[in-house]
Amino acid sequence: MGSMCKINAAMSIWTRLSLFVLASSLCLCLCRAEDSAMENIVTEKKAEESHRQDSADLLVFILLLTLTILTIWLFKHRRFRFLHETGLAMIYGLLVGVVLRYAIHVPSDMSNVTLSCNVNASPATLLVNVSGKFYEYTLKGEISANEVNDIQDNEMLRKVTFDPEVFFNILLPPIIFHAGYSLKRRHFFRNLGSILAYAFVGTVVSCFIIGLVMYGCVTLMKQIGHLGGDFFFTDCLFFGAIVSATDPVTVLAIFNELHVDADLYALLFGESVLNDAVAVVLSSSIVAYQPEGDNTHTFEAMAMLKSFGIFLGVFSGSFALGVATGVFFSLTPFNVTKFTKLRDFPLLETALFFLMSWSTFLLAEACGFTGVVAVLFCGMTQAHYTFNNLSPESQNRTKQLFELLNFLAENFIFSYMGLTLFTFHNHVFNPIFIVGAFLAVFLGRAGNIYPLSFLLNLGRRNKIGSNFQHMMMFAGLRGAMTFALSIRDTATYARQMMFSTTLLVVFFTVWICGGGTTQMLSCQKIRVGVDTDVENSIGPDGVERRSTKQESAWLFRIWYNFDHNYLKPILTHSGPPLTATLPACCGPLARCLTSPQAYENEGQLKDSDSDLILNDGDITLTYGDITVSTDATGAHTSGTPVGGVVVNSDEALDRELAFGDHELVIRGTRLVLPMDDSEPPLSLDSHRHRHKNETMS
C-alpha cells in the first residue's frame, strides 16, 4: 500500500509538471502569435505610410509638369521668348527643392535604428538574423559623418531622389529615339560631312581641351589646399566628356518657331544628336582606361590605344545593332503587313512599334553596347523604312506618341535638375573648380566650332559664315544628357564635385544662352521667317545661294539609287516595284516580294527622299535651248542648240545647274521642278519677265 501511494504521488507530481509545461508552452505560443500579429500590423502600417509618401512624391512632379505646361501656354500666348519651357521647369524645380529642403520635415522612426555595426565591407544586400527571423536590407548609399544625426529629417528628401538608372532606361530612350525619328533627313544629309566633323572630331577636341584646363585647376587647388579628395587626370577627361554633350533644345525650339535658316538648324540639331552619342561612348571609354601596374592613373600608350579601340568597337557595334534592329523591324512584322491585315488594327500596330523601338535600347545595354547610339540610329532607320509600312493612322499615332513622350521626359528631367540642387546630399561646390569649368567649357566650345569651320569651309561651296559660327558657339547649351551622365555615378569626391558643377553649367547655359537666343539672332543679322520647304535661300553673307547637284555627295547619290531601286521596294511599299528594277531572270522572286501597294504607288514621281537627289532614269532636262537626256545608266545625250553651236553636255549641265533654271520632263509630263535644295520653280509671270529681259538684252 505504501509503495502504491508513492507511485500515485509521483504520477500526480509528474502530471502537474506536464500540465504546467503544456500551459507554459501554450502561453508562449500565444505570446509569440500575438507578437507576430502585432509585428504584421506594424509592417502593414509602414507599408501603407510608404505608399502614401511615394504617391505624394510623384504628385509633386506631376504638379511641377502641370505648372510648367500652363506657364508654357501663357508664354506662347504672350509670345515671350526670353525663357524656354526647360528653363521654366528648372525654376519650378528649384522652388520646390527649397520648400522640401527647408520648409518640410518628414521625420523617420529612429526608435529602432542601430547606428553601429562592425562590417568590413558595404554589401549591396544585407541579411540580418533577429531572433531566428531573417530580414533583407538593401544599400541606399553612404552618409557623411556630419549627417548621421540628421537622418530623421531626410526622409522626404530621400524619397524624391531617383535611381540614376531611371534616367537611362526610362527617360532617355524616348528623347533619343524621337531625335532620330523626327530628323529632317534632307537638310541633315546635305550637311552630313560638317555634322560628322563637329560631332566626332569636335567632341573629342572639346573633351581634351576641357580636361587639360580642369587638370590645371585641380593642380592649383592641390597647391593651395582646396582639394578634399583624389582628383586624377582621367577624372578631368571624364568631366570633359560629359560636359561636351550639347543639348540646345531651347535654341532649336526658338529656331523652329522663328523659321531660321534650315542649314543652321540642321548643323546645330545634327551635331547635338550625334555628339550626345559620342559623349556617352567617349565617357565609357575613359572609364575603361586601365594602365598596368599599381598606379592606375599614369599615362600608358597601350592602355590609351585599348580605350580608343573600345570607343570604336562600342560605337560601331551600337550603330550596327541600331540599324540592324531597324531593318529587322521593317522586315518583320511590319513588312508582312504588305500581305496581312495588321494594318487594320492601328492600336496593335502602334503598340508593337513602340515596344520594339524601346527594346533596341535595352538590347544594346544588355549586350554591352551603348543604348543611346543604338536607339538613335534605330529611330532614323525606322523613319526611313518602317514608317512607310504603317497605316496612315499609325503613322500619326507614332509621331504624336514619341513627341509627347519626348516633351514629358525632357521637362521631367529639367524639373528634377532644379530639385536636385537642394535635395542631393553630397554636393561639393568649389569656387575655383566652378570658375575653371565655365572657362573650360567656353574654350572647348570655341576649339570645336571655329577651327573646324575654317577647315570645313575650305571644301564647302556654301560656306559656314562667321555669323553662323558665332551662333553655333553661343548655342552650345548643356542639358539632359550631361545631367544623366553626371548623376549616374556620385560615389567618389571627384564625381560629386563634377555633378555639382555640372548642374551650375546647365543652369547658366539654359537660362542665359537659351534666353538670349533671339537677341543673338538679331545681333548676328541671321534671317528668320525662312520657309524650309522653299528651295531659294540666302547664304550667311547675304548673297543668294544656289545649291547644285554636285553638292550632293557622290556616295549618297550611289546610295540613293541603290536604296530607291532595291532596299525600299523590299522593306517598304515605296519605290518602284522590284519587277521593274531586278533582272528578268528574277521575275518570280520580284513578284513574290512586291506588294500590291507598290504597284499602286508606282506612278508617284518621288518618295520621301527624292528631294535629296534627282537621278532617276528616263529624265529629260531642258536648259534654255539645250536638251540633256539622262538614261538609267546616268549617261547624258544633248541636242543641238539654236544657232548651230554644239555645246558639251557635261559643261552645259554644270553651267546650267549652277546658274540657270530648268524644266523637268518625265513620261510626257512637263513640270517646273528644282534639281537642288535651294532654288524654287519660277512662276509663270516671273518666267515671262525673265524671258522678256533676255530678249531685250
Side-chain angles (χ1 to χ4, degrees), residues 71-72 74-90 179 182-184 186-188 190-191 194-195 198-199 202 246-273 275 410 414 438 441-442 445-446 448-450 452-454 456-457 460 462-479 505-545 547 677-678:
T71 313
I72 291 170
L74 179 63
F75 274 41
K76 289 184 179 294
H77 181 68
R78 299 294 182 182
R79 298 186 183 276
F80 294 151
R81 296 193 180 96
F82 62 87
L83 189 62
H84 188 249
E85 58 204 44
T86 54
L88 282 172
M90 293 169 65
S182 62
L183 183 69
K184 295 181 179 179
R186 175 168 123 194
H187 300 290
F188 178 84
R190 177 197 291 175
N191 299 279
S194 301
I195 291 173
Y198 287 127
T246 60
D247 184 18
V249 58
T250 304
V251 177
L252 292 176
I254 296 175
F255 278 13
N256 189 49
E257 185 177 352
L258 297 178
H259 299 286
V260 179
D261 185 276
D263 285 338
L264 177 59
Y265 183 94
L267 287 172
L268 269 177
F269 181 75
E271 180 210 0
S272 66
V273 167
N275 93 326
E410 207 159 53
F414 279 94
F438 278 95
V441 168
F442 176 81
R445 185 65 180 171
N448 178 353
I449 298 300
Y450 294 117
L452 284 180
S453 298
F454 173 77
L456 290 170
N457 281 337
R460 283 178 62 101
N462 296 331
K463 308 298 183 184
I464 303 174
S466 58
N467 56 347
F468 278 19
Q469 296 177 37
H470 297 330
M471 191 68 229
M472 293 178 67
M473 170 71 189
F474 184 79
L477 281 65
R478 272 61 178 176
V505 171
V506 173
F507 291 161
F508 179 85
T509 55
V510 171
W511 287 337
I512 304 302
C513 298
T517 300
T518 306
Q519 292 76 12
M520 189 66 177
L521 288 172
S522 301
C523 178
Q524 296 300 321
K525 298 180 180 179
I526 297 176
R527 295 175 68 243
V528 297
V530 179
D531 189 354
T532 57
D533 293 328
V534 175
E535 305 299 327
N536 209 7
S537 60
I538 304 297
D541 52 0
V543 180
E544 185 173 352
R545 182 176 66 198
S547 299
D677 283 333
S678 64

Judged by atom type as modelled, is there a donor-acceptor pair below 3.5 Å linking the side chain of N457 to the main-chain atoms of I464? yes

Please name the pair of heavy atoms, one in F474 and one in I512, separated by the smallest distance, quoted to 0.1 Å. CZ-O, 4.2 Å

Go through the steps for F255 and L521 under the test side-chain contact (heavy atoms from CB on, under 4.5 Å), then give the verdict. CA-CA 9 Å; F255 278 13; L521 288 172; 3.7 Å; yes

How many angstroms lie between atom CG of L452 and atom CE of M472, to the nearest 0.5 angstrom? 9.0 Å

Looking only at heavy atoms, which two atoms of T517 and G514 are closest? And how far apart? OG1-O, 2.9 Å

Checking D247 against E410 for the side-chain contact (heavy atoms from CB on, under 4.5 Å) test, could you report, in this order, the C-alpha distance in whole Å, the side-chain angles of both residues, the deciding distance, and whether it holds? CA-CA 11 Å; D247 184 18; E410 207 159 53; 4.2 Å; yes

Within the structure provided, determine whether K525 and N467 are in side-chain contact (heavy-atom separation under 4.5 Å). no

Given side chains that start at C-beta, do those of L88 and F414 come closer than 4.5 Å, heavy atoms only? no

How long is the gap from CZ on F468 to CG on D261, to the nearest 0.5 Å? 4.0 Å

Give, for atom CZ of F188 and atom CG of D263, the distance between the pair rounded to the nearest 0.5 Å. 13.0 Å

Any donor and acceptor pair, going by atom type alone, linking the side chain of Q469 with main-chain N or O of I449 inside 3.5 Å? no

Starting at CG of N462, measure out to CG of L456 and round the result to the nearest 0.5 Å. 13.0 Å

Side chain of R478, backbone of G476: donor and acceptor closer than 3.5 Å? yes

Can you tell me how far CD of Q524 sits from CE of M471, rounded to the nearest 0.5 angstrom? 8.0 Å

Tell me whether F438 at atom CZ has more than 12 heavy atoms from other residues, nucleotides or ligands lying less than 6.0 Å away. yes

Over 12 foreign heavy atoms within 6.0 Å of OH, Y450: yes

Check: Y198 and N275 side chains under 4.5 Å, non-hydrogen atoms: no

V506 vs M90 side-chain heavy atoms within contact, under 4.5 Å: yes

Looking only at heavy atoms, the pair that brings A266 and I195 closest together is O-CD1, 3.5 Å

Do F269 and L183 have side chains that get closer than 4.5 Å, going by heavy atoms? yes

Full working for side-chain contact (heavy atoms from CB on, under 4.5 Å) between L477 and T246: CA-CA 5 Å; L477 281 65; T246 60; over 6 Å; no

Kindly determine whether N448 and M473 satisfy side-chain contact (heavy atoms from CB on, under 4.5 Å), including the steps that lead there. CA-CA 9 Å; N448 178 353; M473 170 71 189; over 6 Å; no

